*Asks:* 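I have a structure I would like to understand better, so I am pasting it below and will then ask my questions one at a time.
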Amino acid sequence: MKGIFSALLVPFDESGDIKEQGLREIIRQNIDKQKVDGLYVNGSSGENFMMSTEQKKEVFRIVSEENKGKVKLIAQVGSINLNEAVALGKYATDLGYDSLSAVTPFYYKFSFDEIKYYYETIINETKNNMIIYAIPALTGISMSLDQFEALFQNENVIGVKFTDGNFYLLERLRKKYPNKLIYSGFDEMLIYGAISGIDGAIGSTFNINGKRAKQILTLCQEDQVSKAYEIQHITNDLIERILDLGLYQTLKEILKITGIDAGVCKKPFEAFNFEKRAEVKKLVSTFNL
Ligand code: NGF
């Protein structure tokens with residue numbers, strides 16, 4: 001369960017339906033071309049929170065079929081509808097996913113006791129492992145070291161996807177929990193997590209730039225930090241442009257330019273600005289994507 005995990009992109013058509021063949025192509029791109037160690041399915045990058053329960057199940061099923069046991073699979077099942085989270089958790093567990101993950105429940109200002117109950121319920125009902133998905137910038141939930149400790153007491157909580165720039169908290173977690181899996185979540189800050197001894201990383205840009213992410217992680221593990229910095233600098237030149245042009249739309253456009261039917265983003269995400277297509281083509285050749 002260590003290494004580079006792509007937060008899988010999902011291609012939609014103009015009506016918001018999943019493009020099955022395109023999804024299979026994106027899975028193959030990740031496994032065969034980017035050589036990722038695993039896939040993080042139905043996270044933010046999969047536009048999960050905009051999909052119906054049936055669509056989420058469809059994605060879980062197609063990924064499991066196309067993967068054929070090749071790389072590790074993590075199913076993000078978090079939802080503020082706890083019944084849905086449990087149902088999705090059971091579904092992914094039956095499909096053989098290696099672990100579940102769930103975003104901290106958001107929108108309502110849930111107390112920590114409520115958050116703990118949410119994780120315990122998913123674990124108890126599914127009997128699967130759980131990776132906490134902490135992403136304070138999008139959920140508004142910033143957990144303290146003590147709160148992580150309370151969740152980590154449950155042995156089924158095997159780790160955290162830490163999409164946060166709080167590297168002091170990351171260092172404290174790493175020291176205190178050498179046996180829990182810690183995945184960094186911000187691709188542009190991968191090197192800082194790698195220096196702090198993370199086990200892996202989960203990110204959207206790995207769909208197109210996974211090989212560089214793997215190099216950064218491996219070089220840091222081999223104490224070759226200045227070489228890792230060189231790759232992070234190149235990576236961030238790329239990510240900076242992608243963020244300016246629109247994150248998921250541009251990632252999909254890059255995939256399309258490389259011949260993959262990556263579809264469009266689900267509305268109300270805006271369409272990709274086609275006036276920028278020449279610039280994206282240049283990114284593909286400059287960064288050898
Ligand atoms: O897309 C986001 C939103 N974050 C991802 C990742 O942390 C979560 C990150 O890779 C994710 O992809 C998922 O749950 O599916 C960024 O896209 C990347 O660092 C660019 O900022 O914050």
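All residue numbers refer to positions in the sequence shown, counting from 1. One-based numbering, in listed order, for ligands and for the atoms of each. Because the structure is predicted, anything quoted here is derived from the model rather than measured. These numbers come from the heavy atoms of this one structure, side chains and all, not from hydrogens, waters or symmetry mates.
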*Asks:* Side chain to side chain donor-acceptor pair (under 3.5 Å): which pairs involve residues 178-188, sequence neighbours left out?
*Replies:*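 Output for this query lists Asp187-Thr205.
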
*Asks:* Could you pull out every N or O of ligand 1 that sits under 3.5 Å from a protein N or O, with the distance for each pair?
*Replies:*
from: ligand 1; atom 1: 1 (O); to: Tyr248; atom 2: OH; distance (Å): 2.6
from: ligand 1; atom 1: 7 (O); to: Lys161; atom 2: NZ; distance (Å): 3.1
from: ligand 1; atom 1: 7 (O); to: Thr163; atom 2: OG1; distance (Å): 3.2
from: ligand 1; atom 1: 7 (O); to: Gly185; atom 2: O; distance (Å): 2.6
from: ligand 1; atom 1: 10 (O); to: Gly185; atom 2: O; distance (Å): 3.4
from: ligand 1; atom 1: 10 (O); to: Asp187; atom 2: OD1; distance (Å): 2.8
from: ligand 1; atom 1: 10 (O); to: Asp187; atom 2: OD2; distance (Å): 3.2
from: ligand 1; atom 1: 10 (O); to: Ser204; atom 2: N; distance (Å): 2.8
from: ligand 1; atom 1: 10 (O); to: Ser204; atom 2: OG; distance (Å): 3.3
from: ligand 1; atom 1: 12 (O); to: Ser45; atom 2: OG; distance (Å): 2.4
from: ligand 1; atom 1: 14 (O); to: Ser44; atom 2: N; distance (Å): 2.9
from: ligand 1; atom 1: 14 (O); to: Ser44; atom 2: OG; distance (Å): 3.2
from: ligand 1; atom 1: 14 (O); to: Tyr133; atom 2: OH; distance (Å): 2.6
from: ligand 1; atom 1: 15 (O); to: Ser44; atom 2: N; distance (Å): 2.9
from: ligand 1; atom 1: 15 (O); to: Ser45; atom 2: N; distance (Å): 2.8
from: ligand 1; atom 1: 15 (O); to: Ser45; atom 2: OG; distance (Å): 3.1
from: ligand 1; atom 1: 17 (O); to: Ser204; atom 2: OG; distance (Å): 2.6
from: ligand 1; atom 1: 19 (O); to: Asp187; atom 2: N; distance (Å): 2.9
from: ligand 1; atom 1: 19 (O); to: Asp187; atom 2: OD1; distance (Å): 3.4
from: ligand 1; atom 1: 19 (O); to: Glu188; atom 2: OE1; distance (Å): 2.5
from: ligand 1; atom 1: 21 (O); to: Glu188; atom 2: OE1; distance (Å): 3.4
from: ligand 1; atom 1: 21 (O); to: Glu188; atom 2: OE2; distance (Å): 2.8

*Asks:* Do Asn128 and Asn156 get their side chains close enough for a donor-acceptor pair, meaning under 3.5 Å?
*Replies:*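 Per modelled atom types, Asn128 and Asn156 side chains form no pair under 3.5 Å.
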
*Asks:* Run the side chain to side chain contact (heavy atoms under 4.5 Å, CB included) test against Lys227 and tell me which residues pass, sequence neighbours left out.
*Replies:*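 Once residues adjacent in sequence are excluded, the partners of Lys227 under the side chain to side chain contact (heavy atoms under 4.5 Å, CB included) criterion are Leu219, Gln224.
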
*Asks:* Mind jotting down which residue pairs meet the side chain to side chain donor-acceptor pair (under 3.5 Å) criterion with at least one end in residues 77-87? Sequence neighbours excluded, please.
*Replies:* Thr53-Glu84, Lys56-Glu84, Ser79-Glu84

*Asks:* Under 3.5 Å, is there a donor-acceptor pair between the Lys256 and Thr258 side chains?
*Replies:*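 No pair is found: no donor N or O on one side chain lies under 3.5 Å from an acceptor on the other.
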
*Asks:* Please check if the distance between the ring centroids of Tyr133 and Tyr40 is under 6.0 Å.
*Replies:*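 Yes, ring centres under 6.0 Å apart.
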
